[in-house]
Undergrad: 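Below is one structure. I have some questions about it.
Given the structure is predicted, the values throughout are model-derived calculations rather than measurements.
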Protein chains: 4
Amino acid sequence: MAGSVNKVILIGNVGADPEIRRTQDGRPIANLRIATSETWRDRNSGERREKTEWHTVVVFNEGLCKVVEQYVKKGAKLYIEGQLQTRKWQDQQGQDRYSTEVVLQGFGSTLTMLDGRGEGGGASSGGGRGSSNNDYGDDYGAPAPSSSPSRGGGGGNFSRDLDDDIPF
Amino acid sequence: MAGSVNKVILIGNVGADPEIRRTQDGRPIANLRIATSETWRDRNSGERREKTEWHTVVVFNEGLCKVVEQYVKKGAKLYIEGQLQTRKWQDQQGQDRYSTEVVLQGFGSTLTMLDGRGEGGGASSGGGRGSSNNDYGDDYGAPAPSSSPSRGGGGGNFSRDLDDDIPF
Amino acid sequence: MAGSVNKVILIGNVGADPEIRRTQDGRPIANLRIATSETWRDRNSGERREKTEWHTVVVFNEGLCKVVEQYVKKGAKLYIEGQLQTRKWQDQQGQDRYSTEVVLQGFGSTLTMLDGRGEGGGASSGGGRGSSNNDYGDDYGAPAPSSSPSRGGGGGNFSRDLDDDIPF
Amino acid sequence: MAGSVNKVILIGNVGADPEIRRTQDGRPIANLRIATSETWRDRNSGERREKTEWHTVVVFNEGLCKVVEQYVKKGAKLYIEGQLQTRKWQDQQGQDRYSTEVVLQGFGSTLTMLDGRGEGGGASSGGGRGSSNNDYGDDYGAPAPSSSPSRGGGGGNFSRDLDDDIPF
DNA sequence: TTTT
DNA sequence: TTTT
């Protein structure tokens, strides 16, 4: 279906140190639990109330997984941009069950640390090596030129070069 | 600054057929004008009112430019995801002027056609070849199911080369 | 927790005519199923492939429910902005089950029709009466120009009453 | 135009203490300068590079202005959700000039503090009194019930009450 | 300059 | 169960 968008944006805190698993062929997958919450004052009692929502975030991306592994700890505040995905599985009784997760996998998925812990700063799944919308990974060799778009693991440049002289 | 986000999401109609320019080294740049509008009923008179906002969108990405060139015409309804950028220029009197544009260049930038015209359907700046948030590039493997996540390798160029001098 | 964000943005098609239920005290709740999908060309076979994701959207808002009731039909293309919520329930075996839904309830929730069917055009949960991000409620004054900002007064109910017991 | 969206999401730091002006009839308007930036490592030199983008944010909303006035200081990290607006003005030579700003005014506009300074936590422009997606203002009396949607300055409840018994 |  |  052309013309569809599936985007989740979360800012919240990580509930526990992330789990990093590996697939059989060695690729990492990180699982995070992120809490968002809303607070308000009760209309009648005047008491402060809060509701917390927990989100399961699954990171299928080597670069982002590295950032998660190195920098994301319990309590970290993150900005997450991913997609909603519901997967079907079977419980021990053989019944169909569904789990909905926020998946960071494709283009446009991003994970940024908002509390300054770690040096990673941010990362997106664009390059497979922790390149970021905001902060290219330290192991980021070079943005891919337009003319060589698909080097394995290539990243990209995200903004015009300030030092270029670009009259327009 | 780690931990920053600069994102613009627009759904609107294209005001005129796009202009496609080329840099000296041949890379395309597309310019679009997109209208968004709000309507409301006047509180006093009860009349229906409307306010239209016009946005300048600049596409620095070969893949997205191809989509624009082939499919985007005056009147098309688009979903756009880009970044805010303000550039400084000088008018004929030599005075500093500033123009703010929605730039589709970096990671996470997307352009999707919402009215079914053209076959392009959608595209994002991830792959430099019209690959899409919704339409993976030709050399891009399948999206990973939850149980077999995508290889990290798929990168791509996202835009202009940081090191180039690009007069246009 | 101050400083959290929980936002889902979807553009997709409605899979079936919406169901509208009512709470005991008469407030409507609309349920929608919305499909988003991604297409790509298989890296090896070159075949076009597609993956569709289905989302359950729950509208707790009188104004938005009216729009849904009047205008949203099977096949409609919608822009949805809401929140992720997971609720716990018990199956017939008494086991805990969880369902994650995109809830349109609070501030910032929006539903806009993208295919021009119906006159409703758009709506947000801001005003409780089908007012919109793009379409101010009837008792809502004009959007303020930059030089004459809007009165602060315009509020509204955004959803279900916190203090109510709402079985449904 | 039905079906349009105009949304800007920024996470960045405030460049200077905000300016709060007042209209002739006493309503506040806050002006903020917010920096977002991207960093990357230069492909050739390997040097770390950074590009900062400055955004002008204008808050037309009493509740949000109060939050800005009380809590937002130079250096604060904010999450902002607003709209792009370009306004026309004339310079001293009588020439037309245009300025594009991120305006927080209508439903869906939000401002949330991300660095924990201040108690305000967050605020959105929904209620005119600093109600928030995440953190209702302290002077927030009560969420508006669905049955009285438009009390002056009324806000809303943003989530289901945790303590309600809501089987569904 | 779009669209409804 | 949608859509292209």
Side-chain angles (χ1 to χ4, degrees), chain A residues 1-6 86 88 98, chain B residues 10-19 31-41 47-57 67-68 71-80 102 112-123 132-136, chain C residues 10-19 31-41 47-57 67 71-80 112-123 132-136, chain D residues 1-6 86 88 98:
Chain A
M1 173 174 46
S4 89
V5 170
N6 174 359
T86 299
K88 186 181 182 176
Y98 298 86
Chain B
L10 300 177
I11 296 177
N13 294 280
V14 176
D17 287 346
E19 300 170 27
N31 269 266
L32 298 168
R33 290 283 285 170
I34 295 187
T36 57
S37 63
E38 308 177 19
T39 59
W40 69 95
R41 201 163 287 279
E47 290 170 13
R48 194 175 191 72
R49 305 198 46 193
E50 179 172 33
K51 180 175 181 234
T52 296
E53 192 70 38
W54 285 97
H55 310 271
T56 298
V57 174
V67 173
V68 169
Y71 302 115
V72 176
K73 303 297 174 200
K74 175 178 173 176
K77 176 160 283 190
L78 299 182
Y79 173 88
I80 289 283
V102 178
T112 302
M113 300 191 68
L114 293 177
D115 47 9
R117 308 183 198 185
E119 307 169 6
S132 169
N133 208 355
N134 306 308
D135 195 316
Y136 286 51
Chain C
L10 301 177
I11 296 177
N13 294 279
V14 177
D17 287 346
E19 299 170 27
N31 269 266
L32 298 168
R33 290 282 286 169
I34 295 187
T36 56
S37 65
E38 309 177 18
T39 60
W40 69 96
R41 200 162 288 279
E47 290 169 13
R48 193 175 193 73
R49 304 201 42 198
E50 179 172 35
K51 181 175 180 235
T52 296
E53 191 70 37
W54 285 97
H55 310 271
T56 298
V57 175
V67 173
Y71 302 117
V72 176
K73 304 296 174 200
K74 177 178 173 175
K77 176 161 281 189
L78 299 182
Y79 173 87
I80 289 283
T112 302
M113 300 191 69
L114 293 177
D115 46 10
R117 306 183 200 183
E119 307 169 7
S132 170
N133 207 355
N134 307 308
D135 196 316
Y136 285 52
Chain D
M1 176 171 47
S4 90
V5 170
N6 174 358
T86 299
K88 187 180 183 179
Y98 298 86

Undergrad: What pairs with D/Thr86 under side-chain contact (heavy atoms from CB on, under 4.5 Å), at least two apart in sequence or on another chain?
TA: B/Glu53, D/Tyr98, D/Thr100
Undergrad: Nearest whole Å is fine: how far is F/dT4 P from C/Arg41 CZ?
TA: 18 Å
Undergrad: Given atom CG of B/Asn13 and atom P of E/dT3, what is their separation to the nearest angstrom?
TA: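 Interatomic distance, CG of B/Asn13 to P of E/dT3: 6 Å.
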Undergrad: Rounding to an integer number of Å, can you tell me how far C/Ile34 CD1 sits from F/dT1 C1'?
TA: 12 Å
Undergrad: Picking from E/dT3, F/dT1, E/dT1, which would you name as closest to the side chain of B/Arg33?
TA: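 The listed nucleotide nearest to B/Arg33's side chain is E/dT1.
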Undergrad: What is the distance from CE of C/Met113 to P of E/dT3, rounded to the nearest Å?
TA: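 C/Met113 atom CE is separated from E/dT3 atom P by 19 Å.
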Undergrad: Using only heavy-atom distances, decide whether a donor-acceptor pair under 3.5 angstrom links the side-chain of B/Thr52 to the base of E/dT2.
TA: yes
Undergrad: Taking the side chain as everything from C-beta on, heavy atoms only, tell me whether C/Val14 gets closer than 4.5 Å to C/Arg33.
TA: no
Undergrad: Decide, applying a 5.5 Å centre-distance limit and a 30° plane-angle limit (both strict), whether B/Trp54 stacks on E/dT2.
TA: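 Not stacked: fails the 5.5 Å / 30° test.
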Undergrad: Give a yes or no on whether the backbone of C/Ser37 and the side-chain of C/Thr52 come within a donor-acceptor separation of less than 3.5 Å.
TA: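 The answer is no, because no donor-acceptor pair under 3.5 Å joins these two groups.
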Undergrad: Can you tell me how far C1' of F/dT3 sits from OH of C/Tyr79, to the nearest Å?
TA: 19 Å
Undergrad: E/dT4 P sits how many Å from B/Glu47 CD, rounded?
TA: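 The distance from CD of B/Glu47 to P of E/dT4 comes to 22 Å, rounded to the nearest Å.
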Undergrad: For D/Asn6 and E/dT3, give me the distance from atom CG to atom C1', rounded to whole Å.
TA: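 Atom CG in D/Asn6 sits about 15 Å away from atom C1' in E/dT3.
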Undergrad: Is the shortest heavy-atom distance from the side chain of D/Asn6 to the side chain of B/His55 under 4.5 Å?
TA: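 They are in side-chain contact.
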Undergrad: Of all the nucleotides listed (F/dT2, E/dT1, E/dT2), which has the minimum atom distance to the side chain of C/Lys74?
TA: F/dT2
Undergrad: Could you check how far CD1 of C/Ile80 sits from C1' of F/dT2, rounded to whole Å?
TA: 14 Å
